[in-house]
Amino acid sequence: RYWCDSCLGRVAYICQVTGHYYDTSNVGRVVMANGEVWSQVSFRSYGFKCAGNGKYYHRSERVIMYDRINWCADYFADNGFICAYSGDAYPNSEKVTLAGGATWCKQAAAKHAFTCDSCSKIHPVGYGKRNTMCVDCHKKLKTMADQQAEEAATAPKRKRATRSAEEQL
């Protein structure tokens, strides 16, 4: 069949993937996020619907989330992240930022990270003393304890030296 220009858009359309003309009463059309018109046949083969914004995209723009839901790359850039622990894509609502700046999902952080009792920052398991205090806080605590022990050890010597100087006067 052939359609005149006035019929295109009303009763017929051109699929911008295949270049074929379709009668809208026989083959449904899908309007993509970029404004292109695709036949349902082309869409089933090459397209997807973004679960984030509800618009239609080419599969090359798809990000498969950790739960196998499809998001488009633009929506993901504003609303998602890649978990540095698992490598999977997650929504920002699942983001946990560790002390070093790495972003993990809540699930990975719950299993493989801990919150330092001293600084309250989140660290990977294995980066601390029995996973209750991070290495940095442990070093600070040890340094403070060493300084206090040194001061305690030198304090009696200073007192004796001060008394000796007073006795000589």
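Along the sequence shown, residues are numbered consecutively beginning with 1. None of the values given here were measured: they were computed from a predicted structure.
- Note that NZ of K55 and NZ of K49 are 12.5 Å apart. Values are rounded to the nearest 0.5 Å.
- Between T103 and F81, the closest heavy-atom pair is OG1-CD1, 3.9 Å.
- With hydrogens and angles ignored, the 3.5 Å screen pairs a side-chain donor or acceptor of Q16 with a backbone N or O of V37.
- Note on V30: it does not cluster hydrophobically with V41, by side-chain heavy-atom contacts below 4.5 Å among ILVMFWY residues.
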Distance-only criterion, 3.5 Å: show the donor-acceptor pairs between side-chain atoms of residues 82-102 and protein atoms not counting sequence neighbours.
{"from": "Y85", "atom 1": "OH", "to": "H112", "atom 2": "ND1", "distance (Å)": "3.4"}
{"from": "Y85", "atom 1": "OH", "to": "H112", "atom 2": "NE2", "distance (Å)": "3.2"}
{"from": "S86", "atom 1": "OG", "to": "D88", "atom 2": "N", "distance (Å)": "3.2"}

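- The closest donor-acceptor contact from the side chain of R59 to the backbone of G47 lies under 3.5 Å.
- For the atom pair S39 OG and Y21 OH, the distance stands at 14.5 Å (nearest 0.5 Å).
- With hydrophobic clusters built from ILVMFWY side chains whose heavy atoms lie under 4.5 angstrom apart, Y46 shares a cluster with M32.
- Remark: side-chain polar atoms of Y13 are paired, donor with acceptor, to backbone N or O of G28 under 3.5 angstrom.
- In terms of hydrophobic clustering, with Ile, Leu, Val, Met, Phe, Trp and Tyr side chains grouped at heavy-atom distances under 4.5 Å, Y75 and I69 are assigned to a common cluster.
- Between Y57 and C50, the closest heavy-atom pair is CE1-CB, 3.8 Å.
- By the 30° and 60° cut-offs, the orientation of the rings of F43 relative to Y56 is perpendicular.
- Across all their heavy atoms, W71 and N79 have their closest contact at CZ3-O, 3.6 Å.
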